[in-house]
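Have a look at the structure below, then the notes.
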Amino acid sequence: MPNSATLKTYQQARLARDPRFDGTFFVAVKTTGIYCRPICPAPAPKEQNVSYYPSSVQAQEAGFRPCLRCRPETAPLSAAWLGNQAVLRKAVTRIQAGALNQTSLQDFSESMGISDRYLRKLFQQYLGVSPIIYANHLRLMFAKQLLHQTQLPINDIAFIAGFNSVRRFNDSFKATMKLSPSNLRKKLHNQQSLQESQAIQLKLHYRPPYDWSLMQDFLQQRELSAIETVTDHSYSRTFSLDGANGFLTAEFDSSNSSFKVTIELSDMSKLLEVTHHIRRVMDLNSDLEVIEKTLGQDSNLQPLLKSGLRLPATWNTFEAGVKAILGQQVSVKAAYTHTASVIEQLGSDYNKQYKLFPTAQQIVDGELSFLKMPNSRKQTLHNFAQWYLDTNGEDLSSILDIKGIGPWTYEYIKLRSGFDSDAFPEKDLGVIKAMEKHNLTNTGQWQPWRSYATLQLWHSL
DNA sequence: ACGACAGACTT
DNA sequence: AAGTACATGAAG
């Protein structure tokens, strides 16, 4: 249960329907058995009938069902939900990507290098639910979102959401939602007219503030027209994931604190994982309120902070690595030229207009003579791609053993891949310049948000 | 670390 | 009348 200070914040937040708290806690109403997001448009229930839960799973586990108006399943994920423990964080991320959908808890734990008993214990201790319950909750929430926002057949939704039998899906769904999948769908008043394409459209919410113009600016400066397009209000790109290819468009919609995301995807079973990638690429999960508060405590940094500045991430670590290596020692402009030619020469076609970012295999096999850069750097690129093939990108710190990859590249990859909020390329030219210009010295106090501090520094120039 | 049990899961 | 889509009981 929240302490009294937190409780007070929660009370104020829900009465004000403050979107900055969306996803950080949930409001359960004892009299109706329903739980809501803090922003729910329904009349605010009396305080005496309300209890608070830090996550939707916990409200669910306490016997409440999700509200049909505010759609708790669309709330942004809370950072607290990743936990502090490194193992737990990794486990949660992998479960979000569907790691438990076809794998037993035993096998999964083994692949994490711990026992299933210990994993259960970690979950219970830090998150208050078991891994199975959590995985199931994710599946259900995603299924619910698909029922609401797409025209997909219910059977398909069961499998896309990660269930392995329709029977199980129906049962599990009804038990938590108190409504069968088709009944839920029938109940919808806002059933959109049939979409002509099979592309999926979803709304992905963030927690304000989100300064799209800063994000847009960053993306536009680095836009690679062969794989992506940046417009005033949207970002589109091709991607691939475990052999599936796709194309996404994310349109900024500040009135809903969300992005309208359109997804083309060759293998729909990857849809959930794709949405998590998009959340990371567009930095939809972070809690800027908290981050900006920490960074603002540095009185020298405080005046130059831009509120709502997000961390634009690459599709995956491999892409971040290629961009980092091609960006060594050169300007953003020159790095663009190198990356564009690598995509042009080695990437596969996605359609008539776009290509896919080259795979590690394509770079390993590729003849890199077209690149106008020192041979040693080409070799580094080759070795990096080989490392990625060998290790699948796990344990990033081992890339420091590759010749030509030093601390700058390592930190830059961490920063741009969007998995780490505390990357800090201290030898970066932009960072050094900004630190001198604004007389900044004590970087330690920016932890654990130095990735965001770096972005603020770059932007201050 | 162990065993009993509940309930998660598939057909 | 046959086919499609979904829900659910029973059993292991």
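These figures come from a predicted structure and were not determined experimentally. Values below: every heavy atom of this structure, side chains too, minus hydrogens, waters and symmetry copies. Order of the sequence lines sets the chain letters (A, B, ...), proteins ahead of strands, with each chain counted from 1.
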Shortest non-hydrogen contact from A:V230 toward A:Q220
O-NE2, 3.6 Å
From the candidates B:dA8, C:dA7, C:dA10, the one with an atom nearest any side-chain atom of A:P181 is C:dA7
Report the distance from atom CG of A:D171 to atom C1' of B:dT10, rounded to the nearest whole Å.
12 Å
In this structure, is the centre-to-centre distance between the rings of A:Y35 and A:F64 below 6.0 Å?
no
Which pair of heavy atoms, one from A:L100 and one from A:P131, lies closest together, and at what distance?
CD1-O, 4.0 Å
In whole Å, what is the span from the CZ atom of A:F169 to the P atom of B:dT11?
17 Å
Derivation of the salt bridge (Lys or Arg N to Asp or Glu O under 4.0 Å) call for A:E47 and A:R14
CA-CA 10 Å; A:E47 193 63 44; A:R14 82 172 173 93; 2.8 Å; yes
Atom-to-atom span, CG of A:N183 to C1' of C:dA5 - whole angstrom:
13 Å
Establish, from distance only, whether the side-chain atoms of A:Y134 and A:Q58 form a donor-acceptor pair under 3.5 Å.
no
Enumerate the protein-to-nucleotides 4-7 of chain B contacts in which both atoms are nitrogen or oxygen and the separation is below 3.5 Å.
none

Nearest whole Å is fine: how far is C:dC6 C1' from A:K174 NZ?
11 Å
Before we go on, tell me: are the rings of A:Y354 and A:F247 under 6.0 Å apart, centre to centre?
yes
I'd like to check A:F21 versus A:T9 (side-chain heavy atoms, cut-off strictly below 4.5 Å). Are they in contact?
yes
Rounding to a whole Å, what distance do you find between A:D116:CG and B:dA8:C1'?
15 Å
Answer yes or no: does a side-chain N or O of A:R139 lie under 4.0 Å from OP1 or OP2 of B:dC9?
yes
Under 4.0 Å between a side-chain N or O of A:N155 and OP1 or OP2 of C:dA5?
no
Separation of atom NZ in A:K121 from atom C1' in B:dA1, rounded to whole Å:
13 Å
Should A:S180 be listed as having a side-chain N or O under 4.0 Å from OP1 or OP2 of C:dC6?
no
Quick one: do A:N316 and A:Y388 satisfy side-chain hydrogen bond (donor to acceptor under 3.5 Å, both in side chains)? Show the steps, please.
CA-CA 11 Å; A:N316 55 29; A:Y388 195 84; 4.5 Å; no
Applying side-chain hydrogen bond (donor to acceptor under 3.5 Å, both in side chains), run through A:R280 and A:H277 and close with a yes or a no.
CA-CA 5 Å; A:R280 178 173 45 75; A:H277 274 246; 3.1 Å; yes
Taking OP1 and OP2 of C:dA7, is either one under 4.0 Å from a side-chain nitrogen or oxygen of A:N170?
yes
For A:D156 and C:dT4, give me the distance from atom CG to atom P, rounded to whole Å.
14 Å
More 5' along DNA chain B: A:R117 or A:N101, using each one's nearest nucleotide?
A:R117
Please state whether the phosphate of B:dA8, meaning OP1 or OP2, lies under 4.0 angstrom from any side-chain nitrogen or oxygen of A:N136.
no
Taking the six-membered ring for Trp and the full ring for Phe, Tyr or His, determine whether the centres of A:F357 and A:F239 are under 6.0 Å apart.
no
Distance check needed: C:dC6 P versus A:R185 CZ, whole Å only.
7 Å
Of all the base pairs, Watson-Crick or G-U under 3.5 Å, which form stems of three or more consecutive pairs involving DNA chain B?
B:9-11 with C:10-12
With a non-hydrogen cut-off below 4.0 angstrom, is A:S182 in contact with a base, only sugar-phosphate, or nothing?
sugar-phosphate
